[in-house]
Amino acid sequence: MTPQEFIDRWKNSPLTERAGAQTFFLELCDILGVPHPGDADSYCFEYGTQKSGGGDGFADVFKRGCFAWESKKPGRGLKAALKQLTDYYLSLDCPPLLIVDDRQSIEIHTAFTGYPDEVRTLRLEDLADANKRRILRYCFEAPEKLRPQKTTAAITQDVAAQFGELAEAMRRRGLDAQRVAHFLMQCLFAMFAEDEEVLPGMFFTRLLERCVREPGGTADRIQRLFHAMSEKGGEFDLTEVPWFNGGLFKVIDVPPLNVADLAALLAAARKDWRGIDPSIFGTLFERGLDPKSRAQLGAHYTDIGTIHKLVRPLVLEPLMREWEGVRGEIAGALGI
């Protein structure tokens, strides 16, 4: 079968999800020139696993050390398929790639530990391109070639440095440090929320784009969005906004922003915040609040891996040893 024959065969195929999934995958293997599943432990269909929240499940295809793959019928949507794979992720020994398809498109999500999630989407017709097919072949043969170039720590460090420079520029204009720090925390949260699709419609990014074009009324626009986020049943741009009730938006006080401030915020908002470590919140607040501290947040940021190296031997391991002793005493008392 040629790639074009494969495309023609599966375009608008009427087969059900169950009837089409395995045949689609086997024929895809053929046009890629990779082996079919055939090892119950390391590469097979319907690999039995457990969900992170409890209960059993099956990955449609599992190739150990490479990927977990879930297929859906066209029109079913791929978010639900990806959610299934993330539920299986830990019990599948953390495969570096999570792949979902609906036979009209294939999404490859990177899941390398310590690296951000990058998504590559291949449409069915893209498979006529040898370079696109090569990307899929990497999934089977060399998944490390799809590893993102920057670690989560490096990306977070870059963003932290940018926010530090912005905070310092605002303070140099005489703005109160606490006011600046709180506002930037709110902006940062909004960027996380919209990229995680908790805040709908990419409202904050679109708002900043308008503010860059038309700076007049900037404070009022941002205040209206933040007020909508702080209230039950809040609404912005005729769309209901979820209520963020943690107290971050209890006080809304947007400082004067110039064109350079807005451009810096917009550049940050356009990044993929799903790949940025949430620990940036504490670092940003600390640096933004203290005018005497270094403006370069990146120099201060400590990644999660480094923190774990300190916390594990000092806190976690002693607690686990203590728990093992207590658990033995309990078992002895119960005669187990």
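This is a predicted model, so every value here is computed, not measured. Numbering of residues begins at 1 and proceeds along the displayed sequence.
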Indicate the atoms forming the closest heavy-atom contact of [X] with [Y], along with that distance.
X: L208; Y: L262; result: CD2-CD2, 4.3 Å
X: F183; Y: D253; result: CB-O, 4.5 Å
X: G233; Y: E240; result: CA-OE2, 4.3 Å
X: P116; Y: P148; result: O-CG, 3.4 Å
X: R179; Y: V254; result: NH2-O, 3.2 Å
X: V100; Y: L82; result: CG1-N, 3.6 Å

Quick one, [X] and [Y] - any side-chain contact, counting heavy atoms below 4.5 Å?
X: P242; Y: P200; answer: yes
X: M1; Y: D30; answer: no
X: F25; Y: W69; answer: yes
X: Y115; Y: T110; answer: no
X: F140; Y: C66; answer: no
X: V119; Y: T121; answer: yes
X: M229; Y: L248; answer: no
X: D102; Y: S71; answer: no

ask   = Taking the inter-plane angle between the rings of F24 and W10 on a 0 to 90° scale, is it parallel (under 30°), tilted (30 to 60°) or perpendicular (over 60°)?
value = perpendicular
task = Take the angle between the ring planes of F67 and Y43 and call it parallel below 30°, perpendicular above 60°, tilted in between.
result = perpendicular
Is it true that a side-chain atom of [X] and a backbone atom of [Y] form a donor plus acceptor pair closer than 3.5 Å?
X: E194; Y: F204; value: yes
X: Q186; Y: V251; value: yes
X: R210; Y: P215; value: no
X: T49; Y: A59; value: no
X: Q84; Y: A81; value: no
X: W273; Y: L188; value: no
X: D56; Y: Q50; value: no

Are [X] and [Y] in one and the same hydrophobic cluster, where Ile, Leu, Val, Met, Phe, Trp and Tyr link if side-chain heavy atoms are under 4.5 Å apart?
X: F6; Y: V34; result: yes
X: L97; Y: Y89; result: no
X: L85; Y: L122; result: no
X: V241; Y: W243; result: no
X: V212; Y: L225; result: yes

Would [X] and [Y] pass as an ion pair if we require N to O under 4.0 Å?
X: E107; Y: R120; result: no
X: E214; Y: R221; result: yes
X: K79; Y: E197; result: yes
X: D237; Y: R206; result: yes
X: D93; Y: R64; result: yes
X: D87; Y: K83; result: yes
X: R173; Y: D261; result: yes
X: K63; Y: E141; result: no
X: E324; Y: R321; result: no

task = For the pair F62 and F45, evaluate side-chain contact (heavy atoms from CB on, under 4.5 Å) and give the outcome as yes or no after the intermediate values.
result = CA-CA 7 Å; F62 174 60; F45 289 118; over 6 Å; no
query = Can you tell me how far the CZ atom of R103 sits from the OG1 atom of T23, to the nearest 0.5 Å?
reply =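 If we round to the nearest 0.5 Å, R103:CZ and T23:OG1 are 9.0 Å apart.
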task = Give the intermediate values and the outcome of salt bridge (Lys or Arg N to Asp or Glu O under 4.0 Å) for residues R133 and D129.
result = CA-CA 6 Å; R133 295 198 303 275; D129 184 335; over 6 Å; no
task = For side-chain contact (heavy atoms from CB on, under 4.5 Å), just list the numbers for M191 and L265, CA-CA rounded to whole Å, side-chain angles, deciding distance to a tenth of an Å, and then say yes or no.
result = CA-CA 10 Å; M191 294 174 192; L265 286 171; 4.1 Å; yes
message = ring pair (Phe, Tyr, Trp, His ring centres under 6.0 Å) for Y88 and F58? Distances and angles first, verdict last.
response = CA-CA 8 Å; Y88 303 153; F58 294 88; 8.5 Å; no
